[in-house]
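Working notes, structure below.
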Amino acid sequence: MPRPHSSALHAVPAVRHDGGACHLAGDWSMQALADPGVVASRHEALAHTSVDLRWDLRGVERLDTIGAHLIWRAWGYRLPERVRWSDAQRAVFQALAANRGDHPPPAPPRDDALEWLRAIGDGLARGAANGVALLAMLGQLVLDLGAMLARPRRGPWREISAQVYRTGAQALGITALVGFLIGVVLSYLSAQQLRTFGADRFIVQLLGVSIVRELGPVLAAILVAGRSGSAITAQIGVMRVTQELDAMRVMGISHGQRLILPRVVALSVTMPLLVLWTDALALLGGMLAAKAQLGVSLQWFLQSLPNAISLTNYGIGLLKGVTFGILIALVACHFGLRVEPNTESLGRGTTTSVVTSITGVILVDALYAVIFSSVGI
Amino acid sequence: MDATAQRRLFEESAVTVAPVISVRGLRTAFGDHVVHDNLDLAVLPGEILSLVGGSGSGKTTLLRQIIGLDSPAAGSVQVLGRDLHALTSDEFRRLSQHWGVLFQAGALFSALSVFDNVALPLRELRTLPEDLICDVVMCRLAMVGLTANDADKRPADLSGGMIKRVALARALALDPGLLFLDEPTAGLDPLRSDEFVALVRSLHAQLGFTVVMVTHDLDTLVALSSRVAVLADKRVIACDALERVVRVDHPFIHEFFLGERGRRALGDLAPKETAHGKP
């Protein structure tokens, strides 16, 4: 039975090699070898010995398989012919001899000169496969939505309601805080520039259009992607790990109907509302900062706001909100369903989901900018 | 050493040998729900002690307290003569190198290959050279019946039985004096289960560690245990060789050991039905 901290006898050298005999002594257990330098010094001492010597292990106080492995290596993985040892020690070495682990085959050489090309190709193929799967998911979603509208009583209303609460109501705090602060920052930044041109009064137009049309939707979408998108992927991913997805399929419950549809519908409802909320808070922050920096009165700011923001801009902001909501939910569900049943895949899936949905949001935003400018609104 | 000789040895040694693990006056409570109250348990060196008890009787909780994952509300847990809850974190780390734990689901690190999983505790010592670690790991894998081809696999690619084997190899990596098994054969088919039992028994004979095992499986229990501790009524109601435990008159023991399944597993060890006047 090993006891902790029993000190090895350092008076007697662990390896004593004289003439044709080699005497081992002291503590050859893992605890002794764990002290720094011990393995190296014993390895060094054993290097000058060979299995053909006469071996004497009777001085060894403690021996376990790790210490025995050190000796076993020096013996060249075979038992010496002339050896004196106790029965217990012989048993340890016989256990090693009986379980001679063959060494793992060397890793195949990786002198693949065109590996980078293959990596690019793999990446593109993977991206295309994801795109196709997302498209198929969107198509299935339309079918599911049609089925739900045809028989609204059977729709997953409870799930939708729960998701609306989780992705909408619970996100109010963080979107408010970030929106408000961005409004303040933007206002301060523009106020400095506008003052140099004496164009102070245009602060309302500048804030109004940029926040309502661009910043509000994108800001809300990025926050929701990080918050709800990751949650959706992780939740569906864990359902894969715990075989809940299989259980649903066995019961004939379609993943599209019960998992994807409620989340997409919920996010397409909550995202425009969150966009409105973020817009309002960002404008509030901008307004207060404008008053502090430029002395613009709150009353005047509010009065000129309706003229600054056209209804079209408002509509564009809301449309973006709906699109981003659907995009985030679809991407999150897609990567959640692709999680394999192990923890590493779960982490990777969640990361990919968030990165993809944020990139997607910005891509779609750029696409909208091009479309709207080409039709002139 | 055959089973009876081993048992006789323990009976003789029980008086003289200091226990490896001694639990005294242990109390565990989750809120108002008391799981253990004034529980005592001693584990002797070299034995295989099985912990049995009904669902919710706190077997796994007790195991977690013995390996220091949870702290009891009262009482002391001594492992290898040291009080677990009076140790500094550094002392605890050194002490914990003396035991290996096989978790119920294996708890292999899914990011690491089989080889790296087994090598991890050895590498954590930070003093062993990589070639020695490689030797030890391959020997451990051979001991649990795995080949070099399995060493590169990921835990996700392994079957349930293989996961248990790798987890056992990892638990044994540091050549611990103490091995804790939590439901070692749960989730294995009878054949794999028997293989695993034979594996633990042969390793026990080769390496001579002490085993504390939590199990529900009567076949495993009968095949491996040198002593059985029965948890019921919030304490250990019996801790003795199996054939004496089954003679203790307690509703749980009747239900667990002397039902139809129990009698089938016990075979000759089961007392005659008339002895208790109960079916």
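Letters A, B, ... mirror the listed sequences (proteins, then strands); counts begin at 1. Everything quoted here is computed from the prediction, not taken from an experiment.
Atom CG of residue B:L132 and atom CZ of residue A:R73 lie 6.5 Å apart, to the nearest 0.5 angstrom. Rounding to the nearest 0.5 Å places OG of B:S110 at 11.0 Å from CD of A:E340. Rounding to the nearest 0.5 Å gives a distance of 10.5 Å between OG of A:S29 and CD of B:Q97.
Each of B:T127, B:V136, B:L128, B:L174 was checked for a side chain to side chain contact (heavy atoms under 4.5 Å, CB included) with A:M30, and the lone residue meeting it is B:L174.
The heavy-atom pair separating B:A173 from A:I66 by the smallest distance is O-CD1, 3.5 Å. When every heavy atom of B:C139 is checked against every heavy atom of A:L96, the shortest pair comes out as SG-CD2, 3.6 Å. Closest approach of B:R140 to A:T65, counting heavy atoms only: NH2-OG1, 2.5 Å.
Per-residue heavy-atom pair counts under 4.5 Å with chain B were compared for A:E344, A:Q94, A:H69, and the maximum is reached by A:H69.
Contact annotation for A:V92: neither backbone nor side-chain heavy atoms come within less than 4.5 Å of a heavy atom of chain B. For B:A156, the part lying near chain A is the side chain, with the backbone staying farther off; criterion is any non-hydrogen pair under 4.5 Å.
Residues of residues 118-126 of chain B lying within less than 4.5 angstrom of chain A, judged on heavy atoms, are B:L122, B:L125 in numerical order.
No more than 12 heavy atoms of other residues, nucleotides or ligands lie within 6.0 Å of CD in A:Q243, so this atom counts as exposed by the packing criterion. With a 6.0 Å radius and a threshold of 12 heavy atoms from other residues, nucleotides or ligands, A:H43 has its NE2 atom at or below the threshold. Within a 6.0 Å radius of CD in B:E130, more than 12 heavy atoms belonging to other residues, nucleotides or ligands are found. Under a cut-off of 6.0 angstrom, the local environment of CZ in A:R84 is sparse, with at most 12 non-hydrogen atoms contributed by other residues, nucleotides or ligands.
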